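A quick write-up on the structure given underneath.
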Amino acid sequence: MKVGIFGGSFDPPHVAHSIIAETVRFQYGLDLILWVPAYDPPHKFMDQLAPFETRLALVRAATRDHPAFEVSDIEKTLKRPTYTIRMLHALAKQYPGAELHLILGSDTVDQFCTWSEPEAILQVSQILVYPRPGYSVENMNLPEYLHGKYSLVNAPVFSISAEYIRNRLLEEKTVRYLVLENVLDYIREHRLYKG
């Protein structure tokens, strides 16, 4: 079984997330894309994010209609801070024998060497890198241990961000077509991202 692991804050999940996940699934013949909302990411303060359960519900709304998309709340069970290597080890136990593929944006790869145990991550999973505006992997000074250890995803480059969507919602502007209809319904129903 080939499992793509798509982590992030997802505050909120938007159409670029969905398009990237589907592009990666198709391009690499993955059986499953496992969306993993971050619980206590070491690079962000918890008070900057919507509560975990809210973001988890939003991701469930975003993935509801795709048979190969699933959502994992694994990060809330892990020792904090929830480093990627801990999450990967936990998922490897949940999916014994599965081939794990960690899906990362090129902006994240630029910071990969600052993560906890980056070389161990490469032992547990393959790395699939999708393009982000202003971050060309070819122009990065990547550490030697990353060379030949990642594959580039042939995906469109999106400048949509969750922050942009939150700001539009705060300004009471439309986000239709920036988020999936299920996500928009959940945001409206629960009156999220209001000032």
Side-chain angles (χ1 to χ4, degrees), residues 4-26 33-66 68-76 80-84 87 102-112 114-115 128-137 139-140 153-195:
I5 300 166
F6 193 24
S9 300
F10 302 122
D11 192 23
H14 48 70
V15 292
H17 291 132
S18 301
I19 294 168
I20 292 297
E22 175 63 3
T23 301
V24 170
R25 184 196 68 77
F26 183 80
I33 300 288
L34 196 61
W35 294 53
V36 185
Y39 186 77
D40 183 15
H43 58 288
K44 293 188 179 180
F45 295 109
M46 288 292 281
D47 60 2
Q48 293 176 335
L49 298 174
F52 176 75
E53 295 299 334
T54 298
R55 293 181 289 111
L56 188 67
L58 286 165
V59 174
R60 285 184 173 136
T63 59
R64 183 181 305 144
D65 297 330
H66 197 302
F69 288 176
E70 290 184 15
V71 183
S72 172
D73 64 355
I74 190 77
E75 287 222 346
K76 76 175 182 181
R80 292 189 242 173
T82 50
Y83 294 122
T84 298
M87 179 261 290
L102 184 63
I103 302 165
L104 302 176
S106 57
D107 54 334
T108 305
V109 172
D110 194 39
Q111 303 298 317
F112 187 76
T114 68
W115 289 16
L128 304 179
V129 181
Y130 63 89
R132 293 283 292 143
Y135 291 90
S136 171
V137 176
N139 297 331
M140 291 179 188
V153 177
N154 182 17
V157 181
F158 292 101
S159 58
I160 301 169
S161 70
E163 181 181 12
Y164 173 73
I165 291 166
R166 290 194 306 272
N167 288 338
R168 288 188 66 83
L169 289 164
L170 282 168
E171 296 165 5
E172 298 184 5
K173 294 179 179 176
T174 181
V175 294
R176 184 176 296 280
Y177 306 122
L178 294 173
V179 298
L180 296 178
E181 204 65 33
N182 290 341
V183 173
L184 186 55
D185 289 345
Y186 190 92
I187 288 170
R188 285 174 172 160
E189 181 183 348
H190 295 271
R191 300 180 55 77
L192 301 177
Y193 307 113
K194 293 195 169 287

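Bear in mind the structure is a predicted one, so any value in this text is a computation, not a measurement.
- Looking only at distances, no side-chain donor or acceptor of Thr54 sits under 3.5 Å from a matching main-chain atom of Ala50.
- Judged by distance alone, with hydrogens and angles left aside, the side-chain atoms of Arg132 form a donor-acceptor pair with the main-chain N or O of Phe158 at under 3.5 Å.
- To the nearest 0.5 Å, atom CZ of residue Phe52 and atom CG of residue Asp11 are 12.0 Å apart.
- Looking at Ile33 and Arg25, their side chains come closer than 4.5 Å, going by heavy atoms from C-beta outward.
- With rounding to the nearest 0.5 angstrom, the CD1 atom of Ile5 is 10.0 Å from the CD1 atom of Ile74.
- Closest of all the heavy-atom pairs between Thr174 and Arg168 is O-NE, 2.8 Å.
- Remark: the Tyr39 side chain and the Asp73 side chain contain no N/O donor-acceptor pair separated by less than 3.5 Å.
- At a threshold of 4.0 Å, the pair Glu181-Arg176 counts as salt-bridged, since one of the basic side-chain nitrogens sits closer than that to a carboxylate oxygen.
- Rounded to the nearest 0.5 Å, atoms CZ (Phe6) and NE2 (His17) are 5.0 Å apart.
- Residues Val36 and Glu75 form a side-chain contact, since some pair of their non-hydrogen atoms from C-beta on lies under 4.5 Å apart.
- Aromatic rings from Phe10 and Trp35 are positioned such that their centres are separated by under 6.0 Å.
- Annotation: side chain of Ile165 is in contact with side chain of Pro12 (closest heavy-atom distance under 4.5 Å).
- Of all heavy-atom pairs spanning Pro37 and Val59, the tightest one is CG-CG2, 4.0 Å.
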